[in-house]
Amino acid sequence: LPSHDNGLIINNSASTNMSVTVKNCVFTNWDNAAIYLGYADNVWFDNVSVNGSQRGLQLFNSRNVSVNNSWFNWSDANSVYLESSSGLFFDNVSMHNSSFSTWMTYSAFFLSGVNDSCFSRFNVSEAGNHVIRMTDGSYRNNFSGFIGRNSTGYGMYVDTSSYNIVANSTFFDNLYSMHWFSNVLNNLVYNNLFNNSYYIDISSAFPGDFPLNSSLQFGSRVVGSGLLIGGNYYANFSGGGSYSEDCLDVDFDGICDSSFVVKDNFTDFLPLSDGADVSNPLIVSGADFGSVVFANDTLVCNFSAVIVTGK
């Protein structure tokens, strides 16, 4: 790659343990990528700011790369472009004003063939065509604590990617919350706030379905009061009522009494409601808390809870 097109280049011909830290740096107005990594393992970024480049960060064939407390603004294509990599960890990352091109790859956050990685506490605004686009065999990734807004397309566009977790996140002021294209199986989507023009879009090539909820469990809700989580909260961006605002919740546990068919065979069996009454104790008998998967590690909490109340 010509050096004048990229700001920082860490590029090798084969996988190489770099053990490099990049900290407290500002990159501005590069023709291609402000930061370009290829076959670079064990690289850490902290407090990095990128403004006005074609891509903020472009990474391929790399492992164990960490990006923390960083900003990627005013990108002409993708704020962050990740390809054929694994073991990535991004936390507390902001992106603002990616390209509004109609090209499908021009999303704020683009992943192609990315596996076993964790992405948490993203704040993405004016995201271009999509907030997140994940494709080409991206598996076992965990997305948590996202705020994704103001895209002309989808909060999340998923194609040929399975066994991913999307939780504790907010998608609003996008055309659709999510789009499932093809070969998308066994993804776990729960405890998210969807407040867009439409909730879910499905391609005609989509092979099946999966529930839009976890098991019923105690946890911190993405919105509103209550002690239980399970499904997602469905709001109405255009105003007026929505399923979560209007559903019946006669036991005041914060979970709608009826499931919500979001799209075709996509059903949320435990949608969140506005009806939680935290002053009214819950009775939970034999609750299976299941397992939570983070990249290659599994935390399993299998026990039952019984709370005796006068309810």
Open item on the list: Among residues at least two apart in sequence or on other chains, which ones pass salt bridge (Lys or Arg N to Asp or Glu O under 4.0 Å) with Arg63?
Closed with: Asp41
Open item on the list: Tell me every residue that passes salt bridge (Lys or Arg N to Asp or Glu O under 4.0 Å) with Arg121, counting only those two or more places apart in sequence or in another chain.
Closed with: Asp91
Task: Worked check of side chain to side chain contact (heavy atoms under 4.5 Å, CB included) between Thr160 and Ser182 - done: CA-CA 6 Å; Thr160 323; Ser182 65; 4.1 Å; yes
Open item on the list: Between Ser94 and Asn123, is there a side-chain donor-acceptor contact under 3.5 Å, judged purely by atom types and distance?
Closed with: no
Open item on the list: Quiz question: by atom type and distance under 3.5 Å, do the side chains of Asn24 and Asn47 form a donor-acceptor pair?
Closed with: yes
Open item on the list: So which atom in Ser138 and which in Asn164 form the shortest heavy-atom distance, rounded to 0.1 Å?
Closed with: O-ND2, 3.1 Å
- [ ] Identify the two heavy atoms, one from Ile10 and one from Ala40, that lie closest to each other, and give their separation to 0.1 Å.
- [x] CG2-CB, 3.8 Å
- [ ] Kindly write out the residues that satisfy salt bridge (Lys or Arg N to Asp or Glu O under 4.0 Å) with Asp274, not counting sequence neighbours, or none if the list is empty.
- [x] none
Open item on the list: Using the ring-ring contact (aromatic ring centres under 6.0 Å, His included) criterion, which residues pair with Phe60? Sequence neighbours excluded.
Closed with: Tyr36, Tyr39
Task: Contacts of Tyr243 that satisfy ring-ring contact (aromatic ring centres under 6.0 Å, His included) - sequence neighbours left out - done: Phe260
- [ ] Return yes if a side-chain donor-acceptor contact under 3.5 Å exists between Asn192 and Asn232, otherwise no.
- [x] yes
- [ ] Return the orientation label for the Phe119 and Phe122 ring planes: parallel under 30°, perpendicular over 60°, tilted otherwise.
- [x] perpendicular
- [ ] Indicate whether any N or O donor in one side chain lies under 3.5 Å from an N or O acceptor in the other, for Asn186 and Ser162.
- [x] no
Task: Distance-only donor-acceptor check, side chains Ser144 and Asn142, under 3.5 Å - done: no
- [ ] Name all residues meeting the side-chain contact (heavy atoms from CB on, under 4.5 Å) criterion together with Ser112; count only those two or more places apart in sequence or in a different chain, and write none if there are none.
- [x] Glu83, Phe110, Thr135, Asp136
TODO: Would you kindly say whether Asn115 and Arg140 are connected by a side-chain donor-acceptor distance under 3.5 Å?
DONE: no
